[in-house]
Amino acid sequence: MSNESQQVVLKHEAGSGTPLTLRNVSVAYKTRKGDVQAVRDVSLDLRAGESIALIGESGSGKTTLGLSIVRLLVKSAQVTNGEIIYRRNGKEIDVLGLNKKELREFRWKECSMVFQSALNAFNPVIRIWDQMKDTAQSHGWKDKKAIRQRSLELLKFVQLDAERVIDAYPHELSGGMRQRVLIALSLLLDPQVLILDEPTTALDILTQRTIIDLLRKLKEEQHFTMIFISHDLAIAAELADRIATMYAGRVVEVGSADDIFYRPRHPYTLGLIRAVPKVVGDFQELFSIPGSPPDLIDMPSGCKFHPRCPYATDKCRQEEPDLVPVGPEHMAACWHWREVEKELQSKPLHSIS
Ligand SMILES: Nc1ncnc2c1ncn2[C@@H]1O[C@H](COP(=O)(O)OP(=O)(O)OP(=O)(O)O)[C@@H](O)[C@H]1O
Ligand SMILES: [Mg+2]
């Protein structure tokens, strides 16, 4: 890393309060077979400067939830219920009520998303500079010199050789470099909230490390408010202040990263943590959650996790539990969370790091 890149300052102003509130958000995809209930009744508050990780198996609704916040769901999807409220400088915006023009502004200046597997979405015949310039110009920036300056600064911030990368074509860059360009691009208009969908998944381990370090810099030095979507718990552990576990479209547990890793109360979260291989410590049999996630068109009755849950009883087969407080700032949706607590008291979880 050059000294120059270390000195770059983004001049991002951390927000205050609660920039984003989701209230009872549900999203369904219309398909020929029926409605896919991809997100069900999700309520979350995102506080300024915090990073929250959404974890859960493939198909649990993480991307759908992210896309609904920036209103980029496909046409067949519909937010069937709920409210999304965004706040900045004392102003409140009803995100679901924004018109097309307002949305374009919102997506770059307020809440931007780095998409899952967007690494290959770059147009191969457009240079990085043109992508950045076009984006800035389409939002009213006129001064090309200033745009170039800002673009170079951002590329340096993400620790790229800015002068070289800015005039490169996407195919000349490695996956890790492209991911860094995407992050720089998402910061171009200085949004308050960043949503990063599987920001490291397609990358090799060493490149993952550099991206994680970069995201940590955004969080710790620039105080961006972030939502990370990941099914990699180790990344969530490193980057998130709070973690929300999703299962079958619902948030089934939410708490501080420590609560989730050391004191999970939902059997599904517990299963996810036990399924993480431990690099350090004694050999331990690797646990995997039996069965597979439910069909979101024809879901099981009661708690959607009951067919896979070792704690399930008749009550679980009949009634879906709501999120209830299980500790300070810690909620779980399980009829048997006290039993999970008891089991962990007799058999504590080890550190996963
Ligand atoms: N365009 C679509 N049409 C119909 N169903 C869809 C569509 N996109 C997603 N789904 C379904 O919605 C559910 C949630 O998908 P989503 O992509 O949000 O999950 P995810 O948690 O992001 O998974 P992954 O970890 O694999 O990225 C899944 O059952 C998925 O099959
Ligand atoms: Mg996804």
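Just follow the structure's listing: the first ligand is 1, and inside any ligand the first atom is 1.
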- [ ] Provide the protein N, O or S atoms situated under 2.8 Å from the Mg ion (ligand 2); waters are not included.
- [x]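 Listed by chain and number: T63 OG1, Q116 OE1.
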
Just to confirm my output: which protein heavy-atom neighbour is closest to [atom], and how far is it?
atom: atom 26 (O) of ligand 1; result: S58 OG, 2.5 Å
atom: atom 8 (N) of ligand 1; result: Y29 CZ, 3.3 Å
atom: atom 28 (C) of ligand 1; result: G59 O, 3.7 Å
atom: atom 29 (O) of ligand 1; result: L296 CD1, 3.2 Å
atom: atom 17 (O) of ligand 1; result: T63 CB, 3.8 Å
atom: atom 21 (O) of ligand 1; result: K62 NZ, 2.8 Å

Between [X] and ligand 1, does any nitrogen or oxygen pair lie at a separation below 3.5 Å?
X: T31; result: no
X: S76; result: no
X: V36; result: no
X: G61; result: yes

Residue [X] vicinity, atoms of ligand 1 by number, heavy atom under 4.0 Å:
X: Q116; result: 27 (O)
X: V74; result: 1 (N)
X: T64; result: 14 (C), 15 (O), 16 (P), 18 (O)

Please report the closest heavy-atom contact between [X] and [Y], naming both atoms and the distance.
X: H306; Y: C316; answer: ND1-O, 3.7 Å
X: G49; Y: T225; answer: N-OG1, 2.8 Å
X: P321; Y: A333; answer: CG-O, 3.5 Å
X: R150; Y: L187; answer: NH2-O, 2.8 Å

Task: NZ or CZ of K91 within 45° of Y86 ring axis and under 6.0 Å - done: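 Because its charged atom misses either the 6.0 Å distance or the 45° angle limit, K91 does not stack over Y86.
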
- [ ] Please work out whether any backbone atom (N, CA, C, O) or any side-chain heavy atom from C-beta onward of H231 is under 4.0 Å from ligand 1, and answer side chain, backbone, both or neither.
- [x]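 Under 4.0 Å from ligand 1, H231 contributes side-chain atoms alone.
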
Open item on the list: To the closest 0.5 Å, what do you measure between CD1 (I273) and CG (L233)?
Closed with: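 One finds 6.0 Å between CD1 of I273 and CG of L233.
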
TODO: Output the distance between atom CZ (R274) and atom OG1 (T269), rounded to the nearest 0.5 Å.
DONE: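 Reported value, rounded in 0.5 Å steps: 12.0 Å.
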
Open item on the list: Within the 3.5 Å criterion, strictly below it, is a donor on T63 or D197 matched to an acceptor on the partner's side chain?
Closed with: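 The criterion, which ignores hydrogens and geometry beyond distance, is satisfied for D197 and T63.
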
Task: Pair R40-Y247, side-chain donor/acceptor within less than 3.5 Å - done: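 No pair is found: no donor N or O on one side chain lies under 3.5 Å from an acceptor on the other.
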
Task: Shared hydrophobic cluster, F115 / L103 (ILVMFWY, side-chain heavy atoms < 4.5 Å) - done: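 Yes; L103 is reachable from F115 via cluster members.
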
- [ ] Answer yes if L323 and L46 sit in the same cluster of Ile, Leu, Val, Met, Phe, Trp and Tyr residues linked by side chain heavy atoms under 4.5 Å apart, and no otherwise.
- [x]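 Yes; L46 is reachable from L323 via cluster members.
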
Task: Closer than 4.0 Å: a protein non-hydrogen atom to atom 31 (O) of ligand 1 - done: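 No, no protein heavy atom sits under 4.0 Å from atom 31 (O) of ligand 1.
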
Task: Under 4.5 Å side-chain linkage, directly or through intermediates, the cluster mates of V125 - done: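 Once heavy-atom contacts under 4.5 Å are chained together, V125 belongs with I126.
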
TODO: Determine whether any heavy atom of G56 lies closer than 4.0 Å to an atom of ligand 1.
DONE: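 So G56 does not count as touching ligand 1.
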
Task: Sole residue of D167, D130, D143 in salt bridge (Lys or Arg N to Asp or Glu O under 4.0 Å) with R148 - done: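 The passing option is D167.
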
Task: Option passing side chain to side chain contact (heavy atoms under 4.5 Å, CB included) with V254 (candidates M331, H266, M246) - done: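 Option passing the side chain to side chain contact (heavy atoms under 4.5 Å, CB included) with V254: M331.
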
